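Quick notes on the structure that follows.
Predicted model only: the values in this text are computed from it and were never measured. The sequence lines fix the lettering, A, B, ..., with proteins before strands; numbering per chain opens at 1.
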Number of protein chains: 2
Amino acid sequence: MARRSDHSRDEIREMSLQAAEQLIIAQGYKALSARKVASEIGYTVGTLYLVFKNQDEFILHINSRTLDELYQSMQTVIDDHQDAHACVLALCRNYYDFAAANANRWLLIFEHALPEDNGVPDWYQQRIRGGFEMLEKLLQSLVATHKPQQIGTAARVLWGSVHGITMLAITRKLDVVGIESVYELIDSLVENYLAGLTR
Amino acid sequence: MARRSDHSRDEIREMSLQAAEQLIIAQGYKALSARKVASEIGYTVGTLYLVFKNQDEFILHINSRTLDELYQSMQTVIDDHQDAHACVLALCRNYYDFAAANANRWLLIFEHALPEDNGVPDWYQQRIRGGFEMLEKLLQSLVATHKPQQIGTAARVLWGSVHGITMLAITRKLDVVGIESVYELIDSLVENYLAGLTR
DNA sequence: ACCTGAACACCGTTCAAGT
DNA sequence: ACCTGAACACCGTTCAAGT
């Protein structure tokens, strides 16, 4: 042992991330541990710290991959819709669909408290901003008369609202069961909020 | 040692909960541990398990106290407002105010994953339902023409939405700074959603 | 009856030592 | 240079043994 060089650094990173994702999907984020991941990929714990700075950075990368998948699904929704109004509604429903289909990984994104004061890394913030801009562009064409600043507000309101409904629904804190009733909430939010905005 | 009987079971419970709250307020929920709480109150770890079933149940009680404080603040808001519309708006702002003022304890309520399948205990569910009913009653007088089922939907939408905006704002994921801009989001949500509802 | 303290099975993280 | 494995300082939870 020692100096195996069976895998490159990048291969070890990739294997670790995949092993971690399997653990999280199967047993939730609390089941994630460096030791389990290491044993899963056939290395020792120390090796993980050669490749990731610490658990925080490790989780940040896991979340980054989840966010990438979410944005890909958003892109698909956008490509599938001509009408901006229908597209916003579909995007919001898609947010819930994605979260429900990938509950444990999606929850990790929000359960992972960010490293105190230094805030989120740039490349992470970038990914969040990407989704925002999709939404802003759509809203712009829906409520064309409004000032840009109001579009920003509207995008944040919608994003935050759909997020909250999704979060509470998935953690069963809304007294809601089944996909239909969550859709009902999301539809009510989008239709009435947009109606109010363009009133 | 052994058989001290310095404190009753209830006193130990109360001391433990207070020590835990101090820990969480000062250092966040991750700093909470049975050993720290025990040493803080001058007992050993084992004693805590005499008084609480396990950490899950312990956290449930901490959260229950936080929720009680939240509902008290909601009650105060309701008592202070005659106009139903202004009251709904004030309640939503109050939700954010409370969360911001008690960030670490408030976050624990939602970061604590519930014990798998058996769901939330009854007395816990009851407290959530209490807040819901306040909101439903107010909405009823605002949109009197709607069916009861639609009131329930509207209450869930508002609750979930304000929760999401608050959550993302507090964890700094909304690109929003300062209390004024969060109020701006909450106001936009409430005014436009209600306008859409009564359209 | 009440509480201890040691034990068990885990953690994240570091780093001297091996090849 | 790469990886190990043991160490350190923690966890939650249990339970025989003391008073």
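Within a 6.0 Å radius of CZ in A:R65, more than 12 heavy atoms belonging to other residues, nucleotides or ligands are found.
The separation between B:R9 atom CZ and C:dC2 atom C1' is 8 Å, rounded to whole Å. Here C:dG12 presents its C1' atom at 15 Å from CZ of A:F52, a figure rounded to the nearest Å. Look at NE2 on A:H7: it is 16 Å from C1' on D:dT4, rounded to the nearest Å. What separates NZ of B:K30 from C1' of C:dC11 is a distance of 14 Å, to the nearest Å. Spacing between atom OH of B:Y49 and atom P of D:dT14 amounts to 7 Å, rounded to whole angstrom units. In this entry the distance linking CG of B:D6 with P of C:dC3 reads 8 Å, nearest Å. Whole-Å rounding puts the A:D10 CG to D:dC2 P distance at 13 Å. The CG-P distance, from B:L48 to C:dT4, rounds to 10 Å in whole Å.
Taking only side-chain atoms of B:N54, from C-beta outward, the nucleotide of D:dT13, C:dT4, C:dC2 with the closest atom is D:dT13. Taking every side-chain heavy atom of A:T44 into account, D:dG5 is the closest of D:dC2, D:dG5, C:dC3. Of the candidate nucleotides C:dG12, C:dC3, D:dG12, C:dC3 has the atom lying nearest to any side-chain atom of B:L50.
In a base pair of the Watson-Crick type (N1 to N3 plus N6-O4 or O6-N4) or a G-U wobble (N1-O2 and O6-N3), with each distance short of 3.5 Å, C:dT19 is matched with D:dA1. The nucleotide D:dA9 finds no pairing partner, because no Watson-Crick or G-U wobble arrangement with both distances shorter than 3.5 Å includes it.
Checking A:Q18 against A:Q22 by side-chain atom types alone, no donor-acceptor pair falls below 3.5 Å. A donor-acceptor contact closer than 3.5 angstrom links the side chains of B:D97 and B:Y183.
Comparing A:A31 and A:K53 along DNA chain C, the residue whose closest nucleotide (by nearest heavy atom) sits nearer the 5' end is A:A31.
Using a 4.0 Å cut-off between charged side-chain N and carboxylate O, B:R156 and A:E184 make no salt bridge.
As rounded to the nearest Å, D:dA9 and C:dA9 have P atoms that lie 22 Å from one another.
With a 6.0 Å cutoff to the six-membered ring centre and a 45° limit on the axis angle, A:R4 counts as a cation-pi contact of A:Y43.
OP1 or OP2 of D:dA1 has not a single side-chain nitrogen or oxygen of A:R4 nearer than 4.0 Å.
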Polar atoms only, N or O, under 3.5 Å: list the protein pairs with nucleotides 8-10 of chain D and their distances.
none

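Between A:F52 and A:F58, the ring planes are tilted. Angles from 30° to 60° get that label.
Distance check: B:L67 CG to B:Q72 CD gives 12.0 Å after rounding to the nearest 0.5 Å.
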